[in-house]
Peer 1: 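One structure coming up, written as structure tokens, with questions to follow.
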Amino acid sequence: MFRKKLIAGNWKMNKTPADGAALAAELVTLIGKLSDVDIVVCPPFTALEAVGRTLDGSIVKLGAQNMHPDASGAFTGEVSAPMLRALFATHVILGHSERRSLFGEKDAFINLKVLSAFKNQLRPILCVGESLAEREAGSTLKVVQTQLEAGLEGVSKEQAASLLVAYEPVWAIGTGKVATSDQAQEVHGFIRGLLTKLFTESVAQRVRILYGGSMKPANAPELLAQKDIDGGLIGGAALEARSFVELVNAAAAAK
Ligand code: PEP
């Protein structure tokens, strides 16, 4: 089944509104009207509005890096799905390993966010992945299964069709250590099998599963050539227009 590749940039806690708008403007110029790859950039909350204005009318979509599951209320420092929608965000990264390990997010809380994202017409990019200790203990697939099943509890087949999953081995994020294409494909294929069991074969075939973890222009072509790797969630290489656009071009070439 044909799945359009998707390249998403996770800017993490980088870029002021002015810096973000400048990067977005470069991306729009370099990417032009290329339409055979879906592209999303996820700036920090403070830069969403400025980046969104710059992207307006382009094919590059706007995503957030996190959100709270409730629509409003006494949650100091948090931002909700309706607030993101009001800034024209279309995607949201949920369950990133930095949220899990540094901010104590658990699967049940991430699940509430996933449900809230769907309720508010935001496409969740649900991140799953094992730590180095878990890989070395042989529990990679078990960890990924637990995170995926718990994160998707209560999601309907209709909703799942617009889900994005990112497999991000924690040991490969920001470390320069990339998973081999065989290691990544094994987990991606496993995730697709789980999605078949949780939903249906046709839903599982539609869901795009992104790889994340030190993806760079040099290693992207081999990863993107794997049958169940449908794109990338990019950290470091998304902070500079040229490397991000090279990844977009690698995805276009791999289709
Ligand atoms: C990420 O944080 O989602 C990520 C994949 O980072 P990096 O590309 O820098 O490893």
Side-chain angles (χ1 to χ4, degrees), residues 5-15 19-20 23 27 37-45 47-48 51 60-67 89 91-103 105 110 113-114 117 123-132 134-135 140 143-144 147-148 151 163-181 183-185 187-188 191 208-224 226 228-251 254:
K5 295 264 194 284
L6 186 147
I7 297 289
N10 174 12
W11 294 1
K12 310 195 183 188
M13 196 171 71
N14 295 290
K15 308 285 180 193
D19 293 342
L23 174 55
L27 293 178
V37 178
D38 284 333
I39 306 165
V40 184
V41 293
C42 305
F45 290 139
L48 279 172
V51 171
V60 183
K61 300 224 161 54
L62 185 67
Q65 299 171 18
N66 182 31
M67 62 174 219
H91 294 69
V92 60
I93 298 171
L94 296 175
H96 190 278
S97 67
E98 287 151 16
R99 300 296 320 166
R100 293 175 189 263
S101 67
L102 302 175
F103 302 99
E105 291 195 9
I110 295 163
K113 298 182 188 214
V114 169
R123 294 182 80 155
I125 304 175
L126 174 62
C127 301
V128 296
E130 81 289 3
S131 67
L132 185 59
E134 289 163 340
R135 175 160 283 269
T140 296
V143 168
V144 166
Q147 292 176 345
L148 195 80
L163 171 72
L164 294 152
V165 175
Y167 168 56
E168 299 207 304
V170 179
W171 47 272
I173 296 179
T175 58
K177 283 188 204 145
V178 67
T180 65
S181 49
Q183 283 173 323
Q185 169 56 36
V187 182
H188 281 237
I191 291 172
R208 282 167 299 175
I209 308 173
L210 315 179
Y211 170 80
S214 297
M215 196 188 253
K216 302 270 179 314
N219 56 36
E222 194 182 331
L223 287 161
L224 292 167
Q226 303 307 307
D228 290 297
I229 301 187
D230 307 313
L233 179 55
I234 318 297
L239 292 175
E240 202 258 312
R242 213 148 273 285
S243 49
F244 189 68
V245 171
E246 276 184 54
L247 288 166
V248 170
N249 290 336

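Here, residue 1 is the first one in the sequence, and each next residue gets the next number. Counting starts at 1 for both ligands and their atoms, following the listed order.
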Peer 1: At a heavy-atom distance under 4.0 Å, which protein residues reach ligand 1? Sort them by chain and number, would you?
Peer 2: Asn10, Lys12, His96, Glu168, Ala172, Ile173, Gly174, Gly212, Gly213, Ser214, Leu233, Ile234, Gly235, Gly236
Peer 1: If the condition is ring-ring contact (aromatic ring centres under 6.0 Å, His included), which residues does Tyr211 pass it with, not counting sequence neighbours?
Peer 2: none
Peer 1: Just by modelled atom types, is the Asn14 backbone N or O under 3.5 Å from a matching donor or acceptor in the Asp19 side chain?
Peer 2: no
Peer 1: Can you pull the side chain to side chain donor-acceptor pair (under 3.5 Å) pairs that have at least one residue in residues 163-176, sequence neighbours excluded?
Peer 2: His96-Glu168, Glu130-Tyr167, Glu130-Trp171, Arg135-Tyr167
Peer 1: Kindly say whether Gln65 contributes a backbone atom to a donor-acceptor pair with the side chain of Arg99 at under 3.5 angstrom?
Peer 2: no
Peer 1: Would you indicate whether Glu222, at its atom CD, is surrounded by more than 12 heavy atoms from other residues, nucleotides or ligands within a distance under 6.0 Å?
Peer 2: no
Peer 1: Does Glu98 have any salt bridge (Lys or Arg N to Asp or Glu O under 4.0 Å) partners at least two apart in sequence or in another chain, and if so, which?
Peer 2: Lys12
